[in-house]
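What you see below is based on every heavy atom in this structure, not just the backbone, and it leaves out hydrogens, waters and symmetry mates. Labels below follow one simple rule: chain letters A, B, ... track the order of the sequence lines, proteins then strands, and each chain is numbered from 1.
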There are 2 protein chains.
Amino acid sequence: MLEIPDKPPEGAQKALIEAGLALFGQKGFDATSTRELAERAGVNLALITYHFGGKDGLRRAVVGEVARRLLAVAGAPQPSEGLTPAAALQRLQTILRGVAVFIGTAPEAGPLVNFALAELARGGPMTDLIYEGFIGPKHAELSQLWAIASGKNADSEAVKLAVFAMIGQVLYFRLGREIVTRKMGWTSIGPDEAGRIADLIAENLRLLTEGERE
Amino acid sequence: MLEIPDKPPEGAQKALIEAGLALFGQKGFDATSTRELAERAGVNLALITYHFGGKDGLRRAVVGEVARRLLAVAGAPQPSEGLTPAAALQRLQTILRGVAVFIGTAPEAGPLVNFALAELARGGPMTDLIYEGFIGPKHAELSQLWAIASGKNADSEAVKLAVFAMIGQVLYFRLGREIVTRKMGWTSIGPDEAGRIADLIAENLRLLTEGERE
DNA sequence: GTCTATAAACAGATAGAC
DNA sequence: GTCTATCTGTTTATAGAC
């Protein structure tokens, strides 16, 4: 059974997971050899099998670590009952701004998000862990906030789809990072650029939820 | 020099490109062996090297074919001068609805989009071809339409970013297809579901552009 | 252009010493 | 827990017959 670890790993395990996170995210799982992983982690090749049972076991461990970190970035879900529409909108904006700045500027965000997206796109067995541990609860929280802000029902199809569209807006700035920087004439996405992206998304949220309320 | 082919390939080359499109998109480039490619294409293994110079040459050929098909789906850019804001909005909605339905329901869309996104996320040499041949021109057209519909300047940062956010909304419904179907309680994304997604995006476009105009 | 046969390198995994 | 040395299968690429 797959689980999300409570505590960060240590020693050789930590080094291997770190190497897996970087290399899997950058080059993809299949393009990364066990020898590369061991070299990058500074440990012996045989330790992959010893600690994780094999390369695929390391993948599972990396997924668990990804879920753990995403949860930390997104913050624990908070009850949203009793919020006014304006307060719900503000909390939505705060959450998405934090995510936008994180995926735009945090050095470790690139491989982490790339790895998570690749796992999700494949729809393989790792999807479950990422979904149940992170996306499921977070989506529910966002849906409730969106429902309050827009005056609609949290369980309605419109609200659930709207939350997906909102997530897509944020993620594309990581996935299409090459395209974005090129088209915008930026050299990279730093704090300034991530801030402007966050501003746009926050404003879009306001327009969408207020428009829905009328 | 990489080029977008004018005409579809034939014979063994076509069969190999078709196999590459399906397998690269589904399993990823590195996870696909040349033997699988040859078997699926129904041709001899050695023909990959003969026709494309190796596995990586086949990847290039597949990218060219992807760009060719995406161009065909999105349609040739049309001049947008003289359009009223309402007409520009309607054309935006038509284009995005077409793309949403295509990536939601076309059987070949999954591997094709997955492959293109994987290439873009990697930011490797294939990015150039996809960007210059497809995304660049299309983004310019969408920006002009958005500018007219929202009353802003097509070269402004706000408009260019808004177009990226819009593209992200559409793409996530393919990338996160597993998550979407699960969360929505759908068994798959068929014409009905794709239509409802398109409706949402069209409505979002209206709210965003009209909101900006005020 | 297409095939068979094979080369040369690389993959992931493991036995056994320490 | 960590290491060396090695096994076994697979990978891509190619030489050469047809």
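Seen from the ring of A:Y131, B:R182 counts as a face-on cation partner, given the 6.0 Å and 45° thresholds.
Atom C1' of nucleotide D:dG16 and atom OH of B:Y50 are separated by 15 Å, given to the nearest angstrom. In this structure, B:D56 places its CG atom 13 Å from P of D:dT14, rounding to the nearest Å. The nearest whole Å value for the distance from the CG atom in A:L47 to the P atom in D:dA5 is 16 Å. C:dA9 atom C1' lies 15 Å from atom NZ of B:K55, rounded to whole Å. The separation between B:L58 atom CG and D:dA13 atom P is 10 Å, rounded to whole Å. If you measure from atom CD of A:Q13 to atom P of D:dG1, you get 7 Å, rounded to the nearest angstrom. Rounded to whole Å, atom P of C:dC3 lies 14 Å from atom CD of B:E39. Atoms CZ (B:R59) and P (D:dA13) sit 12 Å apart, rounded to a whole Å.
One side chain, B:S80 or B:Q144, offers a donor N or O that lies under 3.5 Å from an acceptor on the other.
Base engagement by B:T49 is indicated by at least one non-hydrogen atom pair under 4.0 Å involving a base atom. Residue B:L45 is in base contact, counting any heavy-atom pair closer than 4.0 Å across all strands shown.
Proximity of A:N44 to the phosphate of D:dT4: a side-chain N or O atom is located under 4.0 Å from OP1 or OP2.
Checking D:dT11, C:dC3, C:dG12 against the side-chain heavy atoms of A:T34 singles out C:dG12 as nearest. Which of C:dT2, D:dT14, C:dG12 sits closest to the side chain of B:A12 comes down to C:dT2.
Distance alone, capped at 3.5 Å, places no donor-acceptor pair between the A:Q169 side chain and the B:Q169 backbone.
Each of A:I48 and B:H51 lies near DNA chain C, and the nucleotide nearest B:H51 is the one positioned closer to the 5' end.
A salt bridge between B:R196 and B:D199 is absent, with no side-chain N of the basic residue lying under 4.0 Å from a carboxylate O of the acidic one. Ion pairing between B:E141 and B:K138 holds under the 4.0 Å rule for side-chain N and carboxylate O.
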